[in-house]
Amino acid sequence: MPEGHTLHRLADELRTAYAGRVVTSSSPQGRFAEAARLDGHVLEDAEAWGKHVFVSFADLPEQVHVHLGLYGTFVVAAGTGLPAVGQVRWRIEAGSTADLRGPNACELLTPEEVEARIDRLGPDPLRADADPERAWRRIHGSSVPIAALLMDQAVLAGVGNVYRAEVLFRNEVAPMTAGRRITRKRWDAMWTDLVELMREGVRTGRIDTVRPEHEPEAMGRPPRADDHGGEVYVYRRERQACLVCETPVRRRVLAGRNLFWCATCQHRG
DNA sequence: ATTCTATGTCGAA
DNA sequence: TCGACCTAGAATA
């Protein structure tokens, strides 16, 4: 379930398990041959930028760049010497075992290539060094719908389809509003909201966006559990009643991705 | 058993 | 805008 919070959690997990330790590095599947070059090195750090994770090693200028894509997983399990089940692209071992499967990217990059990757990304709401002003400049000058801008990693890094839909709903923004029609005040509120929501996502490991007053119990409805492990207003709730106004949630495809929204609640620019 | 779908990104047309 | 990438779980037969 990789949106930005998942990758920041992953970086934290890898850092806790391996930073400062000599690790075993291998590619059971064989498709990351450079894993052997890292074997026996001290893992220095793991850091997330948007949906990208960079793993660095002591005495080695290159870093491993990992991107999970749509269905990649990177799971840490207790113990070592475990059988490699399925297609394990990269395995790190030191007391525990981290297995990477199905990533969009797992590659060794030079410092210049790492920098170029990061330079292409917009501000990440989960990073303390993020500058929301950079995102505002892109949004303010654009005729592209805000729903598409939020998913553009060069505008904002780490926001995916769930946070996109939910932050638009929570701020009552009509998704097809052109970026240049978004007011400064609205953008500031959306950024603040993303920082809070995504930090909560890192803390809990789930995407929960429904305010207490709109929870089913508070609205006199039976509780429900969404299949992504959280509670949301509109994401994947097509044709179901809006939690606030009961209007059926709508869906359309925008730039190849499903967009969900409530046409009644979301009317602002 | 098979098909469908996905919280993502890239490159070709 | 579309297919490819490549995996797992859910839905369908």
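All values derive from a computational prediction rather than experimental measurement.
- Nucleotides B/dA13 and C/dC5, compared at atom P, are 14 Å apart to the nearest Å.
- Rounded to an integer number of Å, the gap from CZ of A/Phe74 to P of C/dA8 is 15 Å.
- Counting heavy atoms from C-beta outward, A/Met190 and A/Leu168 have side chains that approach closer than 4.5 Å.
- A close approach under 4.0 Å does not occur between any side-chain nitrogen or oxygen of A/Arg89 and OP1 or OP2 of C/dT7.
- Here the P atom of nucleotide B/dG8 and the CD atom of A/Gln153 are 8 Å apart, to the nearest Å.
- For A/Asn104 and B/dG8, the CG to P distance is 11 Å, given to the nearest whole Å.
- Using a distance-only test at 3.5 Å, with no hydrogens or angles considered, a donor-acceptor pair links the side chain of A/Gln266 to the main chain of A/Val173.
- When rounded to the nearest whole Å, the span between CZ of A/Arg251 and P of B/dT7 equals 10 Å.
- Across all strands, A/Gln29 comes closer than 4.0 Å only to sugar-phosphate atoms, never to a base (heavy-atom distances).
- The CZ-P distance, from A/Arg164 to B/dT7, rounds to 9 Å in whole Å.
- One finds no side-chain N or O of A/Lys51 lying less than 4.0 angstrom from the OP1 or OP2 phosphate oxygen of B/dT7.
- Atom-to-atom, CG of A/Leu70 to P of B/dC10 comes out at 14 Å; the value is rounded to the nearest Å.
- For B/dA6, one of the phosphate oxygens OP1 or OP2 lies less than 4.0 angstrom from a side-chain nitrogen or oxygen of A/Asn258.
- If you check every strand for non-hydrogen atoms under 4.0 Å, A/Asn161 touches sugar and phosphate atoms only.
- Applying the 4.0 Å criterion to OP1 and OP2 of C/dC2, one finds that A/Arg257 has every side-chain N and O outside that range.
- In this model, the phosphate group of B/dA6 is not approached by any side-chain N or O of A/Arg236 to a distance below 4.0 Å at OP1 or OP2.
- When the shell of 6.0 Å around NE2 of A/His267 is examined, it contains more than 12 heavy atoms from other residues, nucleotides or ligands.
- Among the atoms of the strands shown, only primed sugar atoms or phosphate atoms (P, OP1, OP2) are found under 4.0 Å from some heavy atom of A/Arg117.
- C/dA11 sits 15 Å from B/dT7 when the P atoms are compared, rounded to a whole Å.
- Proximity of A/Tyr235 to the phosphate of B/dT7: a side-chain N or O atom is located under 4.0 Å from OP1 or OP2.
- In this structure, the CG atom of A/Leu7 is 9 Å from the P atom of B/dT9, given to the nearest Å.
- Heavy atoms from other residues, nucleotides or ligands lying under 6.0 Å from CZ of A/Arg181 number 12 at most.
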Side chains of residues 130-137 of chain A: which donor-acceptor partners sit under 3.5 Å, not counting sequence neighbours?
from, atom 1, to, atom 2, distance (Å)
A/Asp131, OD1, A/Glu133, N, 3.0
A/Glu133, OE1, A/Arg184, NH2, 2.9
A/Glu133, OE2, A/Arg184, NH1, 3.2
A/Arg134, NH2, A/Leu121, O, 2.7

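- Between A/His67 and B/dG8, a side-chain N or O to OP1/OP2 separation shorter than 4.0 Å is absent.
- Distance check on atom P: B/dT5 versus C/dA13 gives 12 Å, rounded to whole Å.
- The aromatic rings of A/Phe32 and A/Trp90 stand perpendicular to each other, their planes meeting at an angle above 60°, with 30° marking the opposite boundary.
- Rounded to an integer number of Å, the gap from CE of A/Met198 to P of B/dT7 is 15 Å.
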